[in-house]
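Here's the structure, in structure tokens; my notes come after.
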Number of protein chains: 2
Amino acid sequence: MVRSTPQTHGDILAAASRRFAVTGYRGTSLQDIAGEVGCSKAAVLYHFANKEAILTELMAPAIGVLRSLDDQIAAQPDPASAQRVAAEGFVDLAVRFRSEIALLRGEFPELLQQPVFAHIQLISERLIDALAGHPERPSARITALVLLAGIAETCGQFADVPDKELGDALLALLRRALEPAH
Amino acid sequence: MVRSTPQTHGDILAAASRRFAVTGYRGTSLQDIAGEVGCSKAAVLYHFANKEAILTELMAPAIGVLRSLDDQIAAQPDPASAQRVAAEGFVDLAVRFRSEIALLRGEFPELLQQPVFAHIQLISERLIDALAGHPERPSARITALVLLAGIAETCGQFADVPDKELGDALLALLRRALEPAH
DNA sequence: CACTGATCTGACCGATCGGTCAGCTCTGAC
DNA sequence: GTCAGAGCTGACCGATCGGTCAGATCAGTG
């Protein structure tokens, strides 16, 4: 997949990341990216098969960590520890990859339907169940979904807040807001 | 502004509302709307000056209520009552207009830059301050922003939950999660 | 009847999109 | 010196977008 042209390839990724963060994925054209890199649009498509491939490569690390968090949650023996692992793992994910998450800038619904994010919907449903603690209780599911969406939607805006401070604030919020599982 | 052609005018609004809810504002073309109404694209543009005018008319009631909530918050004598009014008012707004809010489907960032929503950014900043209780405390602002964005982003997904049940769940969440102002 | 104005249509416009393609340039191996 | 291939370009493609426009239709009015 990844061609070995380190310089330009990386430049394109960096430029795309910057542009996506400002104007979103759909709002950024290949011409925009090419302009920021200082090459032609055709050069961008020489290094990447298509526009989606750029997004795929940018999001790959975050998706990998999300997958392993999903496995980790599934391995927990009881709902209470699953809830704790889900909360801590999700906050850690959101803080570490907040710039990558910010790229999606409110385009989750459409982007989730793209092949790259095929399994993400299932994973996030399991994540909500784990966070809710009582998946059968509507208010618990509402709480979990609001917190999950809220963190995903906003974490990218706290680029200037140190990792630890942001993580502590989010974890404290989850501990206060979630209904404890038993 | 509003031409007096009740039938088609209303049909277009209803069709646009349905399509926006499924494919978002940017993801819905004038041709899509015309197709759903059963008229030509030119007919749509006969009843509305442009695409944005359709969105404007759909969102007008919700924006009006948001404006009056802003005034109401500003009139409170102390931070504690401002926080209470903000929480109750915002939950009420989100529940009542959840289908309208759902139309924006994660397009807040782009749409907020359109003239229709010119003042919304200022209003939402004041709303966050009021909800935070301690606007100078970073963790309080993070909490308020996560909750505000989370509710706005998700309330449209609870179309099948009764108003009262959804409102109670959201208000209980806010009471648990927000740091009390003094 | 003639005329008017509201309603609506099909054809069209310029702009922009993601993507393709033939061919240019340069470097390194033989 | 020559050849191959990586890297890149400009021109181009078909599709789609929001929006315009001249004109057809038709109901109401005098």
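- Judged by distance alone with a 3.5 Å cut-off, a donor-acceptor contact links the side chain of A:K41 to the base of C:dG19.
- Nucleotides of DNA chain C nearest to A:T28 and B:A43 differ in position, and the one nearer the 5' end is that of B:A43.
- Using a 4.0 Å cut-off between charged nitrogen and carboxylate oxygen, A:R141 and A:E179 do not count as a salt-bridge pair.
- Of the candidates D:dC21, C:dC8, D:dG10, D:dC21 carries the atom nearest the B:A42 side chain, counting heavy atoms from C-beta on.
- Taking atom CG of B:L30 as the reference point, atom P of D:dG18 lies 5 Å away to the nearest angstrom.
- One atom, OH of A:Y25, and another, P of C:dG18, lie 8 Å apart when rounded to the nearest Å.
- Here the CG-CG distance, from A:L127 to A:D70, works out to 8.0 Å after rounding to the nearest 0.5 Å.
- A close approach under 4.0 Å does occur between a side-chain nitrogen or oxygen of A:T8 and OP1 or OP2 of D:dC8.
- Separating the CZ atom of B:F48 from the C1' atom of D:dG18 is a distance of 16 Å, rounded to the nearest angstrom.
- Side-chain atoms of A:L104 and A:M59, non-hydrogen and from C-beta on, do get closer than 4.5 Å to each other.
- With rounding to whole Å, A:N50 atom CG is found 17 Å from C:dC17 atom P.
- In this structure, A:K41 fails the cation-pi test against A:Y46, since its NZ or CZ atom is not both closer than 6.0 Å to the six-membered ring centre and inside 45 degrees of the ring normal.
- Counting to the nearest Å, the P atom of C:dG19 and the CD1 atom of A:I12 are 14 Å from each other.
- Per the geometry, OH belonging to A:Y46 stands 13 Å off C1' belonging to D:dT9, to the nearest Å.
- Atom CG of B:L45 and atom P of D:dC17 are 13 Å apart (whole Å).
- Going from atom CD1 of B:I142 over to atom CG of B:L147 covers 11.5 Å, rounded to the nearest 0.5 Å.
- Under 4.0 angstrom from either OP1 or OP2 of D:dA6 there lies no side-chain N or O belonging to A:H47.
- Closest to the A:S29 side chain, of the nucleotides D:dC8, D:dC17, C:dG18, is C:dG18.
- With rounding to whole Å, B:K51 atom NZ is found 12 Å from D:dT16 atom C1'.
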